[in-house]
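Data first, discussion second: the structure below is written as structure tokens.
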Amino acid sequence: MAVIYIVEDDVNIREIECYALKNAGYEVEEFACGADFFERMQTALPSLILLDVMLPKEDGLTILTKIRANLTTAAIPVLMVTAKTSELDKVKGLDLGADDYMVKPFGVMELISRVKALLRRTQAAEGEGRLSHGEILLDKDKHVVTVSGKPCELTFKEFELLKYLMTNKGIVLSRNKLMDQVWGFEYGGESRTVDMHIKTLRQKLGSAGGRIKTVRNVGYMLE
């Protein structure tokens with residue numbers, strides 16, 4: 001299920017957006033300011049961000065700039081929402097990296113349609129070269145992994161193991177399946193190869209390593 005973060009200080013508008021998105025089947029988290037939003041981003045990343053421009057203390061354009069400057073969050077689609085209607089305001093937001101722009105007032109159906117379109121576009125891009133899960137970002141083309149924006153040095157097999165877990169997140173994978181897909185041969189039953197690699201992978205991922213769960217008597221899963 002896609003997770004959407006709403007950053008909007010107007011309670012009434014935020015409630016409408018939240019209600020509409022939840023009814024459309026999305027998981028939603030709400031934030032009234034940039035500080036609360038960035039605090040949450042330290043622990044979990046969303047599938048999409050719905051970001052108001054006019055916010056207290058730190059406006060939406062400043063927040064957008066920070067999102068795009070961080071390697072971990074740079075690829076997250078951002079839909080800007082604002083009461084401003086001038087073409088210059090829209091261009092500025094798009095130039096800073098917004099993926100789409102909506103002007104208040106807007107219809108619920110338009111909101112849902114734009115969100116769906118952005119998520120489809122993002123999922124297609126991820127299929128091409130990037131995988132993300134929480135604070136973990138894996139670039140298949142560059143063979144690079146970052147955790148909360150910081151590089152994570154992995155061996156070739158650790159990288160391939162993480163990639164397979166991320167590709168199949170939410171699915172319990174047996175040791176046999178992991179051995180077959182990552183090492184290229186059937187798991188013998190006695191070897192501790194998979195367990196040892198999972199252990200070192202968890203250690204290198206730091207706090208994010210806790211996302212790899214052990215399913216007793218079966219194997220592992222990236223929850």
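Counting only distance, with no hydrogens or angles, the side chain of Ser113 and the backbone of Met109 share no donor-acceptor pair below 3.5 Å. In this structure a side-chain-to-backbone donor-acceptor pair under 3.5 Å is present from Lys169 to Ser132. In terms of modelled atom types and a separation under 3.5 Å, the side chain of Ser47 and the main chain of Val3 share a donor-acceptor contact.
A 4.5 Å side-chain heavy-atom check between Leu94 and Met80 finds every atom pair outside the cut-off. Counting only heavy atoms from C-beta outward, the side chains of Ile136 and Leu162 approach each other to under 4.5 Å. When side chains are defined from C-beta on, Val145 does not count as touching Lys204, because their heavy atoms never get closer than 4.5 Å. Under the 4.5 Å side-chain criterion, counting only non-hydrogen atoms from C-beta, Val144 is not in contact with Pro151. Counting heavy atoms from C-beta on, the side chains of Val108 and Asn23 never come closer than 4.5 Å.
Below 30°, between 30° and 60°, or above 60°: for Phe31 and Tyr5 the angle between ring planes is above 60°, a perpendicular geometry.
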Worked verdict on Arg175 versus Asp195 for salt bridge (charged side-chain N to carboxylate O under 4.0 Å, His left out): CA-CA 8 Å; Arg175 290 175 175 83; Asp195 297 332; 2.8 Å; yes

Just do the side chain to side chain contact (heavy atoms under 4.5 Å, CB included) check on Ile49 and Phe37 with the steps written out, would you? CA-CA 10 Å; Ile49 300 166; Phe37 164 73; 3.6 Å; yes

Given Arg114 and Phe106, is the side chain to side chain contact (heavy atoms under 4.5 Å, CB included) satisfied, shown in steps? CA-CA 11 Å; Arg114 288 177 182 267; Phe106 52 82; over 6 Å; no

Chi angles and distances behind the side chain to side chain contact (heavy atoms under 4.5 Å, CB included) call for Asp52, Asp10: CA-CA 9 Å; Asp52 185 35; Asp10 188 310; over 6 Å; no

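The shortest heavy-atom contact between Met221 and Val172 is SD-CG2, 3.9 Å. Contact between His133 and Glu223 at its shortest, heavy atoms only, is NE2-O, 2.5 Å. For the residue pair Arg211 and Gly134, the shortest heavy atom distance occurs at NH2-CA, 3.6 Å. Closest heavy-atom contact between Phe159 and Asp139: CZ-O, 3.7 Å. Residue Met41 comes nearest to Pro46 through the heavy atom pair SD-CD, 3.5 Å, listed as atom of the first residue, atom of the second, then distance. Residues Ile112 and Ala24 come closest through the heavy atom pair CD1-CB, 3.8 Å.
Between Lys157 and Glu160 there is no salt bridge, since no side-chain nitrogen of the basic residue lies less than 4.0 Å from a carboxylate oxygen of the acidic one. Between Asp99 and Arg68 there is a salt bridge, with a side-chain nitrogen of the basic residue lying less than 4.0 Å from a carboxylate oxygen of the acidic one.
If you take OG1 on Thr62 and CG on Leu96, they are separated by 8.5 Å, rounding to the nearest 0.5 Å. Separation of atoms NZ (Lys104) and CD1 (Ile13) is listed at 3.5 Å; rounding is to 0.5 Å. Going from atom CG of Leu154 over to atom OG1 of Thr200 covers 8.5 Å, rounded to the nearest 0.5 Å. Here the CG-OG1 distance, from Leu131 to Thr167, works out to 4.5 Å after rounding to the nearest 0.5 Å. One distance of note links CE of Met179 with OG1 of Thr193; it measures 4.0 Å at 0.5 Å rounding. Rounding to the nearest 0.5 angstrom, the gap separating the NE2 atom in His197 from the OH atom in Tyr220 is 12.0 Å.
The number of heavy-atom neighbours closer than 6.0 Å to OH of Tyr19, taken from other residues, nucleotides and ligands shown, is 12 or below. The number of heavy-atom neighbours closer than 6.0 Å to CD of Glu110, taken from other residues, nucleotides and ligands shown, is above 12. Within 6.0 Å of atom CD in Gln203, more than 12 heavy atoms from other residues, nucleotides or ligands are found, so the atom counts as buried in its surroundings.
The cluster map of Ile, Leu, Val, Met, Phe, Trp and Tyr, joined by side-chain heavy atoms under 4.5 Å apart, puts Met166 and Ile171 in the same cluster.
Results of the side-chain contact (heavy atoms from CB on, under 4.5 Å) test with Leu79 over Ile4, Ile6, Leu50 single out Leu50 as the only residue that passes.
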